[in-house]
Each structure stands twice: as C-alpha cells, then as structure tokens.
Asks: 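The structure under discussion is supplied below as structure tokens; questions concerning it will follow.
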Amino acid sequence: MKTLARWLAGIALLAAALWLLDWPRLAEAAARLTPGAVAAAVLLACTTFAPLAARWHLLSGGGRAGTARYLYANLANAVSPGNIGGDVYRFFALRGGRTGDLALVAILVRERLLGLASMLAGLALGVAAMELAGAGSASWRALGAAAVLGLAGMGLLPSLIRRIPLPGNWNERLREAIEDGTARGNAGPLALSLAALALWLAVVQFAALRLGIEIPWYTLLAVATAAEIARAVPATVQGIGVREAAYAALFGLSGYSPESGFVLGAVAYLALGAALVASGALGAVLLALAKR
C-alpha cells in the first residue's frame, strides 16, 4: 500500500509540474533529442556504477559474488524510493556470512554517508564556482551554506548516535560506521564516490548538449547534486516527480528555462533508470555464472 501511495505521489507531482510549465516549450525542448542520443546517455549512465561497485568492494571486502550482488541490487533500486530496495536486498543476501548482521548494517550506513558527503561536496563546489563566476544568488548561497553545514554536521553524528537508545551493540556499530565514513583515512571510498559524481555530471552535461541547453558546468553541478539530495528523500519511487520538479525549479532559480530543466531532468533520470535495469541484469548474469 505504501508503494502504491508513493507511485501515486510521484505521478501527482509530475502532473502538477506539467500543468504549471509551458507545454509548447516542453515539446520544443524534447524534440531536440534523438533515440541515438538517449541510448548514448544510457551507456554513459552505466559507467557510473563502476566506481560505485568498486567502492562497495572496498567497504565490504567482498569478492566477485559481492560485486555481482551489488549490481543485481540495482533492480530493486529501480523500483524503490531512495534506493532503499537495494540496501534491503544486499542485507538479506549477504547476512550470515563472515560479516555479522550489525557489521553489515554499519557498512551500508557508511556507504550512504559517503554518497551524501560527495553530493554535499559537489553542491558546495558548484555554488562556490558560481560565486567566483559572478553567477551566484542569495538562494544558491543559502543552499551552498546548507551543504557546508551538512558536511560539518556529519562529524557530530557519532555523539548524537550515543544518545539514541538502541538495542544490543547497535549504538557502537553505527557510531563506528559514521566515524569511519567521516574519517580522513577514508580517502579511497570517498574518491570513488566523487568519481561516480563526476561521471553522473558527464551524463547530465551530455543530455544538456543534445537538448541544445548551454549551461556552465558549475551551475549544472549545483543543480544535479541538489536534485540528487532531494530525490534521496523516500517520498516517491526513485524520486519520480521530485527530481524533475527540482530540475525545473533550480533551472528557473539560475535564470534558465524551467521547461528545459524539466526535460533535462526527465531525460537524465530516464537514462539512469535504464542503466539501473541494465546493470542489474549484468549482476544477475554474473551471479548465475558464479553458481556454476
């Protein structure tokens, strides 16, 4: 029932955005895209999972089967809010191994924190570059300040976790995961997170160029990361409606056509959705080969 409600919420948000935007402009922006360009965007989106799979390998210490399960989990991510489905699948698929249940949860939490840290860093960098280029605004400054505060606040999470009453050793495990996720020695996994962000920015930039949208990389970085953070909230399945509306609103905030932003967000996440399915299918094949 909750899943149905999230699908309906996403559809309602899409309908609301389409109602508010200029339909002729939407059609004009979408008409510039060709099937070949969409296929190329999907292939580019698939490359983002290479550093993410490598990050999971570093965090979990898993072998080839662990990487295959990471990719297979993308099938669950494609139909779940905030990519929660993939986390749930990996927990139940990998529990009972040499990694205990608490340690496995801690790894998943750490992975989430690394992803959030990379997005906050990307948003802060994009806003800072906009300021240097003289393209900043009060609204973007507020978002940039929130990103910096978010990064700083991640260092306070371990002390907050201690104050939350949790059963067994959960407090200690989660505290260790958060400290590991914010430690200076976490350079490798964080670098892979940033590499995945750079590849995602390349996907969005490619789609923008094919749509005839000329927008500086730093503005696009700020838009892309802010939209990613917004869609991470599990309000709708895969952030449908939220992400497209975020692109439209942030484009308007930056002085660009909201209709172009809406279409760009729709195309970028269409490519990502197809890439999730493709990488999940690859994971299924690898798992089947591993069982032989």
Asks: When you measure from the side chain of Ser254 to the backbone N and O of Tyr256, does any donor-acceptor pair fall under 3.5 Å?
Replies: no
Asks: Tell me the salt bridge (Lys or Arg N to Asp or Glu O under 4.0 Å) pairs involving residues 269-282, sequence neighbours left out?
Replies: none
Asks: What heavy-atom pair brings Leu250 and Ala226 nearest, and what distance separates the two atoms?
Replies: CD1-CB, 3.7 Å
Asks: Side chains of Tyr72 and Leu286: closer than 4.5 Å at any heavy-atom pair?
Replies: no
Asks: Distance-only criterion, 3.5 Å: show the donor-acceptor pairs between side-chain atoms of residues 43-50 and protein atoms not counting sequence neighbours.
Replies:
| residue | atom | partner | partner atom | Å |
| --- | --- | --- | --- | --- |
| Thr47 | OG1 | Leu44 | O | 2.5 |
| Thr48 | OG1 | Ala45 | O | 2.6 |

Asks: Under 3.5 Å, which donor-acceptor pairs do the side chains of residues 125-132 form with other protein atoms, sequence neighbours left out?
Replies:
| residue | atom | partner | partner atom | Å |
| --- | --- | --- | --- | --- |
| Glu131 | OE1 | Arg141 | NE | 3.4 |
| Glu131 | OE2 | Arg141 | NE | 2.9 |

Asks: In terms of relative ring orientation, are Trp56 and Tyr70 parallel, tilted or perpendicular, with 30° and 60° separating the classes?
Replies: parallel
Asks: Given Ser279, which of Asn74, Asn77, Leu52 fulfils the side-chain contact (heavy atoms from CB on, under 4.5 Å) condition?
Replies: Asn74
Asks: Taking the side chain as every heavy atom from C-beta outward, state whether Ile213 and Val263 have any atom pair closer than 4.5 Å.
Replies: no
Asks: Side chains of Arg110 and Ile107, heavy atoms from C-beta outward: is any pair under 4.5 Å?
Replies: no
Asks: Which atom names give the shortest non-hydrogen contact between Arg210 and Ala37, and what distance separates them?
Replies: NE-CB, 3.5 Å
Asks: Minimum heavy-atom separation for Tyr247 and Gly265, please, with both atom names.
Replies: CG-CA, 3.7 Å
Asks: Tyr89 versus Arg69: any side-chain heavy-atom pair under 4.5 Å?
Replies: yes
Asks: Decide yes or no for Tyr269 and Val204: does some side-chain heavy atom of the first lie under 4.5 Å from some side-chain heavy atom of the second?
Replies: no
Asks: Verify the neighbour count for atom CZ of Arg112: are there more than 12 heavy atoms of other residues, nucleotides or ligands below 6.0 Å?
Replies: yes
Asks: Quick one: does Val203's side chain get under 4.5 Å of Leu272's, heavy atoms only?
Replies: no
